[in-house]
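Remarks on the structure that follows.
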2 protein chains.
Amino acid sequence: MATGSRTVRPRSSVWLSERKAPRRKGDQQPVGLDHVKIVAATMRLLDAEGLAGFSMRRLAAELGVTAMSVYWYVETKDHLLELALDAAMGEIALPVETVGPVEGCEHTLAEPRDWREQLRQLASEYRRVLVRHPWLSPLMGEYLNIGPNAVAFNNAAQAVMLNSGLPDDKLPSALALVYQFVYGFGTIEGRFAARCRAAGLSQDELFHEMVSSLEDRPEFDESRRIMEARGGGTVEQMRERDFAFALDLAIAGIEALRGR
Amino acid sequence: MATGSRTVRPRSSVWLSERKAPRRKGDQQPVGLDHVKIVAATMRLLDAEGLAGFSMRRLAAELGVTAMSVYWYVETKDHLLELALDAAMGEIALPVETVGPVEGCEHTLAEPRDWREQLRQLASEYRRVLVRHPWLSPLMGEYLNIGPNAVAFNNAAQAVMLNSGLPDDKLPSALALVYQFVYGFGTIEGRFAARCRAAGLSQDELFHEMVSSLEDRPEFDESRRIMEARGGGTVEQMRERDFAFALDLAIAGIEALRGR
DNA sequence: ACCTGAACACCGTTCAAGT
DNA sequence: ACCTGAACACCGTTCAAGT
């Protein structure tokens with residue numbers, strides 16, 4: 001979590017408080033920093049060093065500026081992280097016809113298909129973003145996540161699920177089942193990938209190292225048996241299969257119960 | 001996340017490094033602190049102040065002791081948090097016949113039933129613990145979570161899913177679908193409850209406040225429509241229904257695809 | 001309008017010293 | 001064996017001051 005809140009504070013979101021006015025009046029040259037540059041540098045740092053390695057001072061150094069300059073553009077560290085969070089949500093490609101007129105939405109748009117394909121597509125896009133930016137998961141837990149890109153994503157997910165044939169009052173359950181699953185799956189996958197990068201190992205190398213470090217622990221016998229049953233291939237291939245079949249399960253469940 | 005790791009460190013887990021030897025040799029009186037007391041105080045503080053409000057100095061003050069005393073018993077803050085994490089996992093009641101001989105397991109045991117009932121039971125126990133201790137979710141993302149209680153829980157979850165009739169190679173998918181869903185659901189629920197406590201509002205009060213604060217935002221029209229379709233009752237009742245039906249979907253999916 | 005510098009109240013942890 | 005105190009290298013943020 002952001003360590004900014006030493007004591008519990010009122011907790012306003014960037015999206016609920018008016019933003020700092022854009023500088024650069026008239027036709028003057030921009031002086032150096034601006035909102036876009038700051039958020040981009042923030043995401044770069046977060047990708048490179050992780051959430052724990054990120055600090056306002058570190059960011060300022062990266063921008064070649066003194067520690068306090070950033071505060072001219074951004075109210076707090078938390079607000080900045082909310083901006084980075086929503087920027088990352090904007091990297092999720094959305095099925096084209098699901099995108100309503102959300103102001104500030106930066107999503108790229110993908111091809112339309114039937115609802116199962118759209119669901120799989122959204123899920124895999126979401127997963128990819130979570131893996132690409134491992135700092136996303138903790139931030140989503142920490143903040144409200146109601147920025148324009150997050151809202152557009154939620155609306156797209158709702159629009160897709162609407163075509164599943166489930167009655168409206170069952171949609172929240174189905175949405176939670178699918179997207180909480182993807183969140184957890186992508187979170188674990190992203191953390192593992194980050195761990196690999198940090199250790200300088202490939203995913204398969206680290207995986208086998210972990211497996212063999214638990215070799216003599218009988219509590220893990222059953223887990224090992226199941227993992228072996230899952231069959232060969234690389235870690236990545238196993239994960240693709242697990243992910244795809246879990247979505248198949250969810251879709252099958254929806255198809256089974258939508259008639260009631 | 002624990003801010004202990006300013007720079008990236010080797011990342012050993014408590015469960016992978018031998019513990020500090022228990023003090024109190026012979027029959028001497030315990031001098032003051034001990035492992036159990038420290039973890040208990042840690043959980044009390046985490047419940048009361050949240051993860052962001054917890055610090056080693058704060059804990060020491062709570063224990064009536066100087067800041068550095070705790071370090072006699074515990075290697076780092078991260079190790080201490082791992083101990084608290086597993087202690088919380090130990091609060092999950094497990095279906096009795098699923099518990100193998102995991103050393104150090106503190107779980108209480110629950111009645112046996114058919115696999116659907118056992119699954120629902122485990123899911124709801126897991127959910128309750130996540131809600132009771134909102135600091136659990138971020139810690140589970142941060143650490144390996146391979147303490148004795150976590151392992152016993154995973155083994156129980158596997159044992160229950162084994163009875164679903166799914167072939168072994170499909171078990172990881174089904175387990176991920178169900179328990180990642182519960183994790184996300186319980187995380188959101190726990191955060192909302194904590195927010196309510198902090199604001200001094202009931203869940204329904206805060207909920208209606210949030211809804212009405214988004215009243216004039218057309219991007220939320222569709223969400224609002226769905227929420228209204230979901231029907232009346234308290235926030236808690238809506239959540240129970242959503243949770244139960246999401247599990248129904250997962251179970252229906254498993255039953256639909258287990259024959260292949 | 002935009003940026004700086006010093007300062008405040010915090011962190012986790014090391015290390016030498018006390019009893 | 002157990003606990004303390006001072007110190008180090010960090011935080012986020014405030015505030016008065018510079019240009």
Side-chain angles (χ1 to χ4, degrees), chain A residues 1-12 19-35 37-38 42 45-46 49-82 84 142, chain B residues 1-12 19-35 37-38 42 45-46 49-82 84 142:
Chain A
M1 87 260 31
T3 56
S5 46
R6 290 280 146 74
T7 61
V8 184
R9 266 180 305 156
R11 281 304 234 138
S12 75
R19 317 276 274 281
K20 296 212 173 190
R23 61 246 79 42
R24 194 207 322 184
K25 41 155 197 208
D27 266 7
Q28 289 180 250
Q29 281 291 89
V31 202
L33 296 185
D34 65 40
H35 234 121
K37 253 188 230 170
I38 289 174
T42 298
L45 264 182
L46 286 168
E49 322 257 15
L51 191 51
F54 177 81
S55 78
M56 296 300 275
R57 292 167 135 105
R58 189 87 185 61
L59 171 64
E62 184 80 5
L63 290 165
V65 102
T66 211
M68 289 311 302
S69 312
V70 182
Y71 282 95
W72 180 259
Y73 301 92
V74 135
E75 203 138 322
T76 62
K77 184 189 182 184
D78 293 82
H79 281 199
L80 177 53
L81 290 177
E82 279 191 273
E142 181 91 352
Chain B
M1 88 263 29
T3 56
S5 45
R6 289 281 145 74
T7 60
V8 184
R9 268 180 303 154
R11 286 296 237 140
S12 74
R19 315 278 273 283
K20 297 214 172 188
R23 64 243 76 41
R24 193 205 324 182
K25 42 154 197 206
D27 266 9
Q28 287 181 250
Q29 279 292 89
V31 203
L33 297 184
D34 65 42
H35 235 119
K37 253 188 229 170
I38 288 174
T42 298
L45 263 182
L46 286 169
E49 321 258 13
L51 193 51
F54 178 82
S55 78
M56 295 301 273
R57 292 167 134 105
R58 190 85 186 61
L59 171 65
E62 184 80 5
L63 290 165
V65 104
T66 210
M68 287 311 300
S69 311
V70 181
Y71 282 94
W72 180 262
Y73 300 91
V74 137
E75 204 139 320
T76 63
K77 183 189 184 185
D78 292 82
H79 279 199
L80 177 53
L81 291 176
E82 280 191 273
E142 182 92 351

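Residue numbers start from 1 in every chain, and the chains themselves are labelled A, B, ... in the order their sequence lines are given, proteins ahead of strands.
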Measuring to OP1 and OP2 of C/dC3, would you say a side-chain N or O of A/T66 lies under 4.0 angstrom away?
no
Side chain to side chain contact (heavy atoms under 4.5 Å, CB included) evaluation trace for B/H35 with B/V74:
CA-CA 8 Å; B/H35 235 119; B/V74 137; 4.1 Å; yes
Distance check needed: D/dC2 P versus B/L63 CG, whole Å only.
16 Å
Round to a whole Å and report the spacing from CE of B/M56 to C1' of D/dC3.
14 Å
Nearest-Å distance for atom pair CD/P, residues A/E75 and D/dG12
16 Å
Counting side-chain heavy atoms from CB outward, which of D/dC3, D/dG12, C/dT13 is closest to B/D78?
C/dT13
Under 4.0 Å between any heavy atoms, over every strand shown, what does A/M68 touch: base, sugar-phosphate, or nothing? Just pick one.
base
Who is the Watson-Crick or G-U wobble partner of D/dC15, with both distances under 3.5 Å?
C/dG5
How long is the line joining CG of A/L45 and P of D/dC11, in whole Å?
11 Å
Base partner of C/dC10, which must satisfy Watson-Crick or wobble distances under 3.5 Å
none
Whole-Å gap separating P (D/dT13) and CG (A/L59):
12 Å
Side chain of B/R57 (C-beta onward), nearest among D/dT4, C/dC11, D/dT13
C/dC11
What do the steps show when you test B/L81 against B/T76 for side chain to side chain contact (heavy atoms under 4.5 Å, CB included), and what is the final call?
CA-CA 9 Å; B/L81 291 176; B/T76 63; over 6 Å; no
Please round to the nearest 0.5 Å and tell me the distance separating atom CG of A/L63 and atom OG1 of A/T42.
7.5 Å
What integer distance in Å separates A/R58:CZ from D/dA9:P?
18 Å
NZ on B/K77 to OG on B/S55, rounded to 0.5 Å
6.5 Å
Does C/dT4 have its OP1 or OP2 closer than 4.0 Å to a side-chain nitrogen or oxygen of A/S69?
yes
For atom CG of A/L33 and atom C1' of C/dC2, their distance in whole Å:
9 Å
Return no unless some side-chain N or O of B/Y71 is found under 4.0 Å from OP1 or OP2 of D/dT4.
no
Treating B/S69 as the side-chain partner and B/V65 as the backbone partner, does any N or O pair qualify as donor plus acceptor under 3.5 Å?
no
Between CG of A/D34 and C1' of C/dC2 the distance, given in whole Å, is 13 Å
A/K77 side-chain proximity, nearest of D/dG12, D/dC3, C/dC2
D/dG12
Less than 4.0 angstrom between a side-chain N/O of A/W72 and OP1 or OP2 of C/dC2, yes or no?
yes
